[in-house]
Amino acid sequence: MSDAVMSDQSAPSRQPYGRAYEQMLEKVRYDGAYPDRERAEEAVRLVLGGLGRQLTGDERVELAARLPFEAACILTAQIPDPRPLGGWAFVKELAARTGASLATTRWDTGSVFSAVAAYAGPDLLTRILQQLPTGYALLFGRAELAPAA
């Protein structure tokens, strides 16, 4: 084993995670083409924290119940904002928090939301999108549909 691998495994900041969360991180790492799990985890923490500030009610509770425990903790640790942001404002707010470019933050958001959508399932995701302001459907990889007149 190389020293880099040994030091990575013994790093004090690395916590043992449940298998479901490890699988979620691996999905985000693969979908986002991130170089390592740590970069994928940064994206998950950023985006799920942001979503936790936007999502309320039964949809928040149900999503948390479907996510791996560690991801649910990130989501629910946030206090929902009384004035939810639209999809593009959401991306801009996350970019401002990290100093990353809008393009990078949009990529992170799509990569994480892809995994979230898989855990949520189509019915819950539809209810989440109905609750959130416009602009989130595209972030979740869905077409943005105008409400019926």
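All heavy atoms count here, side chains included; hydrogens, waters and symmetry mates do not.
The closest donor-acceptor contact from the side chain of Thr126 to the backbone of Pro122 lies under 3.5 Å. Side chain of Gln131 to main chain of Thr56: a donor-acceptor pair is present (N/O by atom type, distance under 3.5 Å, no hydrogens or angles). Between the Arg53 side chain and the Gly49 main chain, a donor and an acceptor come within less than 3.5 Å of each other. Side-chain N or O atoms of Gln78 include none that pairs as donor or acceptor with a backbone N or O of Leu51 at under 3.5 Å.
When hydrophobic clusters are built by joining Ile, Leu, Val, Met, Phe, Trp and Tyr residues whose side-chain heavy atoms come closer than 4.5 Å, directly or via intermediates, Phe140 is grouped together with Leu102. Residues Trp107 and Trp88 share a hydrophobic cluster, clusters being chains of Ile/Leu/Val/Met/Phe/Trp/Tyr side chains in contact below 4.5 Å. Criterion: ILVMFWY side-chain heavy atoms under 4.5 Å apart, direct or through other members. Under it, Leu124 and Phe113 are part of a common hydrophobic cluster. In the hydrophobic clustering of ILVMFWY residues, with side-chain heavy atoms under 4.5 Å counting as a link, Leu75 and Tyr119 come out together.
Two residues are said to be in side-chain contact when any heavy atoms from C-beta on lie closer than 4.5 Å; Ile74 and Tyr21 meet this criterion. Contact of the Val116 side chain with the Met24 side chain is registered, since non-hydrogen atoms from C-beta on lie closer than 4.5 Å.
Nearest heavy-atom pair across Pro84 and Pro82 is CD-O, 3.4 Å. A pairwise comparison of heavy atoms in Ala43 and Tyr34 identifies CB-OH, 3.8 Å as the closest pair. When every heavy atom of Asp81 is checked against every heavy atom of Arg83, the shortest pair comes out as OD1-N, 2.8 Å. The two residues Ala117 and Leu125 come nearest to each other via the heavy atoms CB-CD2, 3.7 Å. Closest approach of Leu85 and Pro133 over heavy atoms only: O-CG, 3.4 Å. The minimum heavy-atom distance linking Thr76 with Ala64 is given by the pair CG2-CB, 3.7 Å.
Checking each of Glu41, Gln23, Glu70 against Tyr17 for a side-chain hydrogen bond (donor to acceptor under 3.5 Å, both in side chains) leaves exactly one that passes, namely Glu41.
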Worksheet item: Are Leu139 and Arg106 close enough, and set up right, to give a side chain to side chain contact (heavy atoms under 4.5 Å, CB included), and what steps lead you there?
Response: CA-CA 8 Å; Leu139 296 174; Arg106 169 60 182 92; 3.3 Å; yes

Discussion item. Walk me through whether Glu26 and Arg29 qualify under salt bridge (charged side-chain N to carboxylate O under 4.0 Å, His left out).
Written reply: CA-CA 5 Å; Glu26 189 57 29; Arg29 189 187 72 73; 2.7 Å; yes

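Distance check, rounded to the nearest 0.5 Å: CG of Leu94 to CG of Leu46 gives 4.5 Å. Atoms CG and CD, from Leu132 and Glu59 in turn, are 9.0 Å apart once rounded to the nearest 0.5 Å. For the atom pair Leu25 CG and Arg39 CZ, the distance stands at 12.5 Å (nearest 0.5 Å). The CD1 atom of Ile128 lies 11.5 Å from the CZ atom of Arg60; values are rounded to the nearest 0.5 Å. Here the CG atom belonging to Leu63 is positioned 12.5 Å from the CG atom belonging to Asp58, to the nearest 0.5 angstrom.
Salt bridge status for Glu42 with Arg45: absent, with no side-chain N to carboxylate O gap under 4.0 Å.
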